[in-house]
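Since the structure comes first, as structure tokens, the remarks are kept for the end.
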Amino acid sequence: VKDFLPEARIEQPSLEAIKLDGILDDKLWQTRKKHLLCDTNGVPPDRKTEISFSATPKGLLIGAKSYTGVKDVPATERERDSGAIFGDDSIELFIDPSGEGREYYQLVFDAYGSQFDQKCQTGRSVDNTWNSKWRVSTARREGFWSGEAFVPFSDLFPDAKFPGAA
């Protein structure tokens, strides 16, 4: 899997605060590299989807914009961890904190801010009871939708000690 999935690294964490409102108008997003998303086979989707990353001392920041080309976004508000989210226009991320390809987190959010997450081990098990304390906010506009997410590092690195953590 690792050979054909795009890899993004955060080159410099941000100390800037952003308003997590789903609108990518914060100065921070203007300075971050935009990556084009593709499917797990390395094929770009029919519609362009851009994603940017940053971090604060406490967590990972994700900004995404999906160009739908239509007025109404093909998605529905869902309950947390509903498998039906995969039928929506959604952003699906696989985060491998160690970079070793053994354990990773799958995070998905759609245009309505519905969330799905699980912890996975390559070739082994899936823990769909795992829930991150991540936050997502989205905005829907004619022709596109955008979203911002914050994932606490304490969820991605559960054994690490973070300043201010109990």
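The structure displayed is predicted, hence computed values, not measured ones. Scope of the values below: all heavy atoms of this structure, side chains included, with no hydrogens, waters or symmetry mates.
With respect to F116, the ring-ring contact (aromatic ring centres under 6.0 Å, His included) criterion is satisfied by exactly one of W134, F109, F86, Y105: F86.
A pairwise comparison of heavy atoms in S132 and R80 identifies O-NH2, 2.9 Å as the closest pair. Considering all non-hydrogen atoms of both residues, R47 and T68 come closest at CD-O, 3.0 Å. Taking each heavy atom of D26 and Q30 in turn, the nearest pair found is O-NE2, 3.6 Å.
In this structure, R140 is positioned above the aromatic face of Y112, its NZ or CZ under 6.0 Å from the six-membered ring centre and within 45° of the axis.
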- Show your working on side chain to side chain contact (heavy atoms under 4.5 Å, CB included) between L61 and L28 and close with a plain yes or no. CA-CA 10 Å; L61 291 168; L28 169 74; 3.8 Å; yes
- Starting from the C-alpha separation in whole Å, work towards a yes-or-no answer on side chain to side chain contact (heavy atoms under 4.5 Å, CB included) for L107 and V136. CA-CA 11 Å; L107 304 174; V136 173; over 6 Å; no
- Test T129 against N131 for side-chain hydrogen bond (donor to acceptor under 3.5 Å, both in side chains), laying out the working first. CA-CA 6 Å; T129 63; N131 282 313; over 6 Å; no
- Audit row: L60, I95, side chain to side chain contact (heavy atoms under 4.5 Å, CB included) steps and yes/no: CA-CA 10 Å; L60 176 65; I95 300 175; 3.7 Å; yes
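Counting only distance, with no hydrogens or angles, the side chain of D89 and the backbone of D110 share no donor-acceptor pair below 3.5 Å. For the pair E148 (side chain) and D21 (backbone), a donor-acceptor distance under 3.5 Å is present. In this structure, E50 contributes its side chain and G63 its backbone to no donor-acceptor pair below 3.5 Å. Remark: side-chain polar atoms of D96 are not paired, donor with acceptor, to backbone N or O of Y104 under 3.5 angstrom. Between the side chain of T138 and the backbone N or O of S146, no donor-acceptor pair lies under 3.5 Å. A donor-acceptor pair under 3.5 Å is absent between the side-chain atoms of S52 and the main chain of W29, judged by distance alone.
Clustering ILVMFWY residues whenever any of their side-chain heavy atoms sit less than 4.5 angstrom apart, transitively, puts I51 in a cluster other than the one holding V108. I23 and W145 are members of different hydrophobic clusters when ILVMFWY side chains are connected at heavy-atom separations under 4.5 Å. W130 and I85 fall into different hydrophobic clusters, where Ile, Leu, Val, Met, Phe, Trp and Tyr side chains are chained together by heavy-atom contacts under 4.5 Å. A chain of hydrophobic side-chain contacts below 4.5 Å, direct or via other Ile, Leu, Val, Met, Phe, Trp or Tyr residues, connects V151 to L37.
Atom CD of residue E103 and atom OG of residue S125 lie 8.5 Å apart, to the nearest 0.5 angstrom. Taken from CG in D117 to CG in L93, the straight-line distance is 11.5 Å, to the nearest 0.5 Å. Annotation: the span from R32 atom CZ to I62 atom CD1 amounts to 13.5 Å, rounded to 0.5 Å.
Remark: K19 does not engage D25 in a salt bridge, criterion side-chain N to carboxylate O under 4.0 Å.
Considering only heavy atoms from C-beta on, I18 stays 4.5 Å or farther from F150 through its side chain.
Within a 6.0 Å sphere centred on CD of Q121, other residues, nucleotides and ligands contribute more than 12 heavy atoms. Counting non-hydrogen atoms of neighbouring residues, nucleotides and ligands closer than 6.0 angstrom, the CD atom of E79 reaches no more than 12 such neighbours.
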